[in-house]
Amino acid sequence: MNILVINGPNLNMLGIREPDIYGNSDYNCLCDMIKNKAENLNVSVEIFQSNHEGYLVDKIQEAFGKIDGIIINPGAFTHTSIAIADALDAVKIPYVEVHISDVSKREKFRQISFIRNSALKTIMGRGLEGYTDALEFLVKENCK
Ligand code: DQA
């Protein structure tokens with residue numbers, strides 16, 4: 001099974017950005033956690049981060065025909081990007097929406113998600129473990 005993890009803007013600033021909300025671990029730490037979990041689950045994983053909406057759309061399109069499941073945290077683009085939602089609908093790859101913080105308990109503008117409707121599942125407020133939860137979930141779904 002091939003899984004792609006996509007992170008949007010400012011997630012490369014983990015450990016520096018608002019540690020009270022996003023924690024003290026940095027982006028490399030997140031990548032290591034994901035890689036370790038993928039190894040344990042015996043699946044192959046690629047991790048991608050960009051601050052640019054179009055690059056995220058390109059990455060989703062490139063996954064077509066190659067990737068079995070996507071884990072995506074589009075960062076602030078969650079609340080604004082119809083282009084990312086359209087790309088996910090276009091490739092029809094099952095995906096999990098992940099947010100480190102519990103966006104349902106934050107500002108009103110963070111309650112909107114353009115990608116939630118088509119997501120298999122949304123995980124929020126679990127910190128970095130949300131990503132490893134999502135990996136486990138996708139692997140179980142794939143075995144059904
Ligand atoms: C986030 C929540 C978003 O509202 C925010 O813009 C982010 C990170 C999260 O992981 O909690 O950049 O997606």
Side-chain angles (χ1 to χ4, degrees), residues 1-41 43-64 66-142:
M1 188 179 185
N2 294 318
I3 294 180
L4 172 64
V5 178
I6 299 179
N7 280 306
N10 299 309
L11 287 156
N12 56 319
M13 297 293 279
L14 284 178
I16 299 166
R17 91 183 272 214
E18 300 172 276
D20 47 320
I21 298 174
Y22 300 109
N24 292 303
S25 304
D26 67 12
Y27 189 68
N28 283 336
C29 184
L30 171 64
C31 294
D32 287 345
M33 265 177 74
I34 294 169
K35 285 179 203 153
N36 286 340
K37 186 72 181 184
E39 213 177 291
N40 288 344
L41 292 167
V43 294
S44 128
V45 73
E46 180 189 346
I47 307 170
F48 177 81
Q49 190 276 331
S50 177
N51 294 321
H52 307 278
E53 185 176 14
Y55 289 162
L56 298 170
V57 171
D58 286 346
K59 195 68 192 174
I60 294 164
Q61 290 184 5
E62 280 163 23
F64 181 70
K66 296 180 200 143
I67 295 291
D68 308 300
I70 294 177
I71 295 167
I72 182 162
N73 181 352
F77 289 141
T78 309
H79 321 301
T80 61
S81 179
I82 296 168
I84 290 173
D86 281 350
L88 288 164
D89 284 339
V91 297
K92 285 199 170 75
I93 299 169
Y95 68 91
V96 178
E97 172 188 10
V98 171
H99 300 286
I100 296 167
S101 65
D102 185 351
V103 283
S104 72
K105 301 211 171 91
R106 296 181 64 192
E107 301 95 323
K108 216 166 177 196
F109 62 83
R110 291 185 208 275
Q111 322 269 320
I112 298 161
S113 166
F114 285 103
I115 69 162
R116 195 151 306 158
N117 259 354
S118 307
L120 274 187
K121 190 182 172 78
T122 298
I123 298 173
M124 57 174 91
R126 295 263 305 131
L128 301 190
E129 278 181 25
Y131 291 84
T132 50
D133 291 350
L135 260 177
E136 262 177 32
F137 175 80
L138 280 178
V139 170
K140 274 190 196 139
E141 281 294 300
N142 194 54

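Since this is a predicted model, take the numbers as computed values, not measurements. Just so you know, these numbers use all the heavy atoms, side chains as well, and skip hydrogens, waters and symmetry mates. First listed ligand is number 1; within each ligand, the first listed atom is number 1.
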For Y22, state whether at least one heavy atom is located under 4.0 Å from any atom of ligand 1. yes
Sub-3.5 Å donor-acceptor pair from the side chain of E62 to the main-chain atoms of V57, do we have one? no
Hey, does N10 sit under 4.0 Å from ligand 1 if you only count heavy atoms? no
Less than 4.5 Å apart, any side-chain heavy atom of L138 and any of K121? no
Heavy atoms only: which of M124, R126, H99, Q111 lies closest to atom 1 (C) of ligand 1? H99
Does any donor atom in the side chain of E97 or T78 lie under 3.5 Å from an acceptor atom in the other side chain? no
Going by distance only, is there an N or O of V98 that falls short of 3.5 Å from an N or O of ligand 1? no
Of all protein heavy atoms, the one nearest atom 9 (C) of ligand 1 is I100 N, 3.3 Å
Answer yes or no: does an N/O atom from N73 fall short of 3.5 Å to an N/O atom of ligand 1? yes
Just by modelled atom types, is the N2 backbone N or O under 3.5 Å from a matching donor or acceptor in the D68 side chain? yes
Could you tell me how the ring of F109 sits relative to the ring of H79: parallel (under 30°), tilted (30 to 60°) or perpendicular (over 60°)? perpendicular
Under 4.0 Å from a heavy atom of R17: which atoms of ligand 1 are those, numbered in the order shown and with their elements? 7 (C), 8 (C), 12 (O)
How far is atom 3 (C) of ligand 1 from its nearest protein heavy atom, and which residue and atom is that? H79 NE2, 3.5 Å
Check this for me: does any side-chain nitrogen of one of K59 and E46 sit under 4.0 Å from a carboxylate oxygen of the other? yes
N/O separation below 3.5 Å, S101 to ligand 1: yes
Which atoms of ligand 1 have any heavy atom of V103 under 4.0 Å away? 2 (C), 4 (O)
Taking N51 for the side chain and N10 for the main chain, is one N or O donor matched with an acceptor at less than 3.5 Å? yes
